[in-house]
Amino acid sequence: MCGICGVWEYGAGEGRVDTALVRRMRDVMTHRGPDAAGELIFDGGRGGFGFRRLSIVDLSPAGNQPMRGCTDRVWLVFNGEIYNHAKLRAGLQQRGHQYLSQTDSETILHLYEERGLDFVDDIEGDFAIAIWDADRERLVLARDRAGVKPLYFHQQNGRFIFASEIKAILKHPSVTTGVNEEALYHYLTFLTTPAPQTLFAGIQKLPAGHMLVVERNGEARTTQYWDALPPAESIDRTETEHEQEILKLLRESIEKRMMADVPFGVFLSGGVDSSANVALMSELMTQSVRTFTVGFNDAEELNELDSARAVAQRFGADHHEVIIGRDEMQRFLPELVFHQDEPIADPVCIPLYYVAKLARETGTIVVQVGEGSDELFGGYDWFRSYLRIEERFWRHAERAPLSVRRAAAAVAQPIVERTFKKRMSSELLRRLGANESLFWGGVAVFGETMKTDLLSAEMRARSNAVNTHDIVKQYLDTIAAARPDSDYAARMSYLELKLRLPELLLMRVDKLTMATSVEARVPFLDHHLIEYAMGLPRELKVKGKTGKHILKRALESILPHDLLYQPKRGFGAPVREWFRGPEGEELIAHLMNSPIRARNYFDYDYVARLVDEHRREQHDWGFQLWALLNLSLWYERWIKG
């Protein structure tokens with residue numbers, strides 16, 4: 001795991017890129033790679049690569065980057081891991097490729113030399129890759145299939161700039177900061193920005209499973225090389241055979257992700273997914289698995305310390321814990337804004353940072369995490385709720401004429417809101433009347449009606465042509481067209497794999513672990529396991545009130561029954577409490593007095609009402625206030641500051 005950056009002035013008549021510039025961009029990401037650094041000037045000074053190294057495979061200087069292929073005509077900077085590199089290496093050497101290290105980086109280079117742009121089809125792993133091809137005069141960028149690793153870019157005036165983190169791009173003197181207001185509008189729904197947008201005007205992110213090729217003439221082509229669509233044909237197996245195959249794929253994935261020449265461990269919550277990581281990893285090790293858990297001293301109802309301790313004891317783990325509270329949250333906020341680059345308004349970022357910091361303090365450099373399991377196998381309570389609504393009501397209501405739906409929704413919306421006090425019910429009825437999709441993803445913090453109340457009249461006018469449903473619809477239309485027989489559970493999972501998982505959950509993992517120079521690996525998102533899970537029917541994922549049915553059955557041979565079938569709690573943070581009581585006044589003051597107010601994005605009378613209702617415990621607006629606070633802090637740090 002590393003930090004990469006680069007500049008290519010493809011339109012320049014002469015070389016102007018120097019090492020001082022590359023180093024400034026590179027070294028603002030030292031946390032991503034504290035072990036070594038490197039740079040390369042290419043194309044007669046028109047281009048430059050920068051690299052910060054976190055040494056994990058082949059710790060010798062031979063693994064440093066930028067790295068060349070068999071000749072000095074192809075160069076690479078690369079962030080991530082290629083888990084099948086050793087298998088690929090044998091064939092490449094037989095075909096005459098010369099290796100100078102034991103790294104996975106060299107395998108990428110040699111594959112590219114042999115296969116060109118098709119190299120990406122052969123590699124398995126988590127990666128952000130940049131290749132300079134001098135003979136073809138092109139720059140090639142690629143992001144891994146699931147989107148575990150980030151890759152950002154900016155193109156303007158004959159210049160292309162890229163980096164693992166936006167802050168490195170901002171170090172280039174030609175880049176000026178501004179707010180992407182369309183992305184801001186979508187951020188209010190998703191807690192993050194959907195690819196390819198970022199909150200910075202003029203800076204984009206490469207979507208998961210995509211490749212970007214920049215030619216000498218400045219043409220930049222983005223293509224998708226992999227998609228998480230269900231297989232074209234259903235998987236004809238018995239339930240027992242499905243269980244065996246899932247366990248086999250997960251075992252293989254965890255074993256692949258133990259590839260390291262440094263100590264590794266597991267973030268352990270005591271739930272199904274992290275416990276499975278511990279159990280399967282312990283089968284492959286002669287020493288104890290290192291496990292790490294975080295708890296709260298002021299929100300014991302969120303703690304899973306006892307469950308984590310029980311799992312650690314059961315598998316003989318070398319267990320470590322850290323306990324945090326409001327003080328640690330407030331102390332870390334300035335650093336949080338720095339490391340995130342753009343807001344990732346999930347309060348779990350706070351405990352995630354402290355458990356990663358704990359791992360690093362023990363000398364552990366690589367950890368495995370449980371992200372992806374709930375999205376693939378229907379583990380969330382809301383996943384089951386949406387399925388019930390779709391099956392019992394939505395699919396039938398959608399058949400009614402639009403005029404009837406609009407009338408029914410208009411009548412039912414205030415009744416539902418007044419009777420059930422559930423904003424989500426009101427939002428779903430609005431979607432029905434607006435001929436929009438039922439499911440927009442696992443998080444929708446500000447519904448469209450609430451956004452209308454939140455935004456100022458001026459911002460509403462500027463956002464009039466922007467529709468967040470368009471983001472959702474493009475993905476649901478894709479799976480509906482490509483796999484018309486796919487069930488609703490598969491379509492929900494597909495949307496999660498496009499929006500919430502790569503740009504919220506995986507980015508919080510990347511940014512907060514790398515803030516402590518720790519690499520996180522995600523075994524449930526091995527693309528073989530994704531492809532298999534996407535082909536499973538809904539009844540194998542959700543059965544009655546149980547989510548992840550087939551996964552839990554597959555794990556019954558390695559995990560205790562009471563752990564597998566306990567109610568899901570999830571990894572949380574006490575965001576509700578953070579804004580209440582005397583201690584919450586500092587956060588509220590920062591929110592209400594932020595420099596972002598001068599931009600007139602929001603109606604602060606409405607924000608004040610949310611604050612008042614939250615602090616009087618009339619409503620829980622914790623996530624909404626956290627999203628607005630993160631946005632305010634981001635603006636203060638990166639735009640105003």
- Before giving the answer on side-chain contact (heavy atoms from CB on, under 4.5 Å), spell out for Glu539 and Val542 the whole-Å C-alpha distance, their side-chain angles and the decisive distance to 0.1 Å. CA-CA 5 Å; Glu539 55 269 21; Val542 176; over 6 Å; no
- Message: One thing to verify: whether Glu503 and Arg143 come together as a salt bridge, which I'm taking to mean a side-chain N less than 4.0 angstrom from a carboxylate O.
- Response: yes
- Query: From Gln155 CD over to Ile161 CD1, what is the distance, rounded to the nearest 0.5 angstrom?
  - Reply: 10.0 Å
- Is any side-chain N of the basic residue among Glu252 and Lys256 closer than 4.0 Å to the acidic one's carboxylate O? no
- Backbone N or O of Thr193 within a donor-acceptor pair of the Lys205 side chain at under 3.5 Å? yes
- Between Asp487 and Arg538, is there a donor-acceptor pair closer than 3.5 Å when you use the side chain of the first and the backbone of the second? yes
- Has the side chain of Asn84 got a donor or acceptor atom that lies under 3.5 Å from a matching backbone atom of Glu124? yes
- Query: How many angstroms lie between atom CG of Leu525 and atom CD1 of Ile530, to the nearest 0.5 angstrom?
  - Reply: 4.5 Å
- Query: Does the Gln224 side chain pair with the main chain of Gly209, one donor and one acceptor, at a distance under 3.5 Å?
  - Reply: no
- Message: Using only atom types and a distance under 3.5 Å, with no angle test, would you say the side chain of Ser275 pairs donor to acceptor with the backbone of Val272?
- Response: no
- NZ or CZ of Arg89 within 45° of Tyr99 ring axis and under 6.0 Å: yes
- Going through the distances and angles, do Arg521 and Glu81 end up as a salt bridge (Lys or Arg N to Asp or Glu O under 4.0 Å)? CA-CA 9 Å; Arg521 298 177 179 177; Glu81 308 293 344; 3.5 Å; yes
- Does OH belonging to Tyr225 count more than 12 external heavy atoms closer than 6.0 Å? yes
- Residues Tyr83, Asp526; criterion side chain to side chain donor-acceptor pair (under 3.5 Å); working and verdict: CA-CA 10 Å; Tyr83 300 120; Asp526 185 278; over 6 Å; no
- Step by step, would you call Trp226 with Glu531 a side chain to side chain donor-acceptor pair (under 3.5 Å)? CA-CA 11 Å; Trp226 181 85; Glu531 291 168 353; 2.7 Å; yes
- Spatial distance of atom CD (Gln102) from atom OG1 (Thr107) [nearest 0.5 Å]: 9.5 Å
- Message: If you define the side chain from C-beta out and look only at heavy atoms, does anything of Ile131 sit under 4.5 Å from Trp75?
- Response: no
- Ser373 side chain to Gly370 backbone, donor-acceptor under 3.5 Å: no
- When rounded to the nearest 0.5 angstrom, what distance separates CD in Glu243 from NZ in Lys552? 13.5 Å
- Query: Could you state the interatomic distance from CG (Asp58) to OG (Ser105), rounded to the nearest 0.5 Å?
  - Reply: 9.0 Å
- Verify whether one side chain among Tyr494 and Asp227 offers a donor that lies under 3.5 Å from an acceptor in the other. yes
- Item | Arg395 with Glu398: basic N within carboxylate O range, under 4.0 Å | no
- Item | Test side-chain contact (heavy atoms from CB on, under 4.5 Å) applied to Ile558 and Glu283, step by step | CA-CA 10 Å; Ile558 64 168; Glu283 294 178 353; 3.8 Å; yes
- Task: Give a yes or no on whether the backbone of Glu137 and the side-chain of Asp133 come within a donor-acceptor separation of less than 3.5 Å.
- Result: no
- Message: If the threshold is 4.0 Å, N to carboxylate O, is there a salt bridge linking Arg431 and Glu436?
- Response: no
- Residues Asp510, Arg32: salt bridge by 4.0 Å N-O rule: yes
- side-chain contact (heavy atoms from CB on, under 4.5 Å) between Glu448 and Thr189: does it pass, once the steps are laid out? CA-CA 8 Å; Glu448 296 304 284; Thr189 294; 3.5 Å; yes
- Compute the ring centroids of His561 and Tyr565, then answer whether they are less than 6.0 Å apart. yes
- Considering only NZ, NE, NH1 and NH2 on the basic side and carboxylate oxygens on the acidic side, decide whether Lys511 and Glu165 come within less than 4.0 Å. no
- Query: Does the side chain of Lys451 come under 3.5 Å of the side chain of Ser463 through a donor N or O and an acceptor N or O?
  - Reply: no
- Task: Answer yes if the ring centres of Phe160 and Phe153 are under 6.0 angstrom apart, and no otherwise.
- Result: yes
- Should the pair Glu519-Lys149 be classified as a salt bridge under the 4.0 Å nitrogen-to-oxygen rule? no
- Query: Is it true that a side-chain atom of Arg405 and a backbone atom of Ala400 form a donor plus acceptor pair closer than 3.5 Å?
  - Reply: yes
- Go through His110 and Phe119 one step at a time and tell me if the ring-ring contact (aromatic ring centres under 6.0 Å, His included) criterion holds. CA-CA 9 Å; His110 296 314; Phe119 81 97; over 10 Å; no
- Message: For the CD atom on Glu233, are there more than 12 heavy atoms of other groups (residues, nucleotides or ligands in this structure) within a distance under 6.0 Å?
- Response: no
- Query: With a 4.0 Å cut-off, would you call Arg508 and Asp346 a salt bridge?
  - Reply: yes
- Scan side-chain atoms only and decide if Glu239 and His549 contain a donor-acceptor pair under the 3.5 Å cut-off. yes
- Kindly determine whether Ser253 and Arg257 satisfy side chain to side chain donor-acceptor pair (under 3.5 Å), including the steps that lead there. CA-CA 6 Å; Ser253 178; Arg257 283 159 179 79; 2.9 Å; yes
- Message: As an exercise, state the distance from CZ of Phe439 to CG of Leu428, rounded to the nearest 0.5 Å.
- Response: 11.0 Å
- Leu141, Leu76, Val140, Asp144 screened by side chain to side chain contact (heavy atoms under 4.5 Å, CB included) with Ile129, the one that passes: Leu76
- Query: Given Ser274 and Val369, is the side-chain contact (heavy atoms from CB on, under 4.5 Å) satisfied, shown in steps?
  - Reply: CA-CA 6 Å; Ser274 61; Val369 299; over 6 Å; no
- Query: Would the His154 and Phe200 ring centres measure less than 6.0 Å apart?
  - Reply: no
- Item | Donor-acceptor pair between Tyr380 and Glu375 side chains, under 3.5 angstrom | yes
- Message: When you measure from the side chain of Asp135 to the backbone of Arg73, do you find a donor-acceptor pair of N or O atoms at a distance under 3.5 Å?
- Response: no
- Task: Identify whether the distance between the nearest side-chain nitrogen and carboxylate oxygen of Glu114 and Arg95 falls below 4.0 Å.
- Result: yes
- Query: Looking just at side-chain N and O atoms, do His210 and Thr222 make a donor-acceptor pair shorter than 3.5 Å?
  - Reply: no
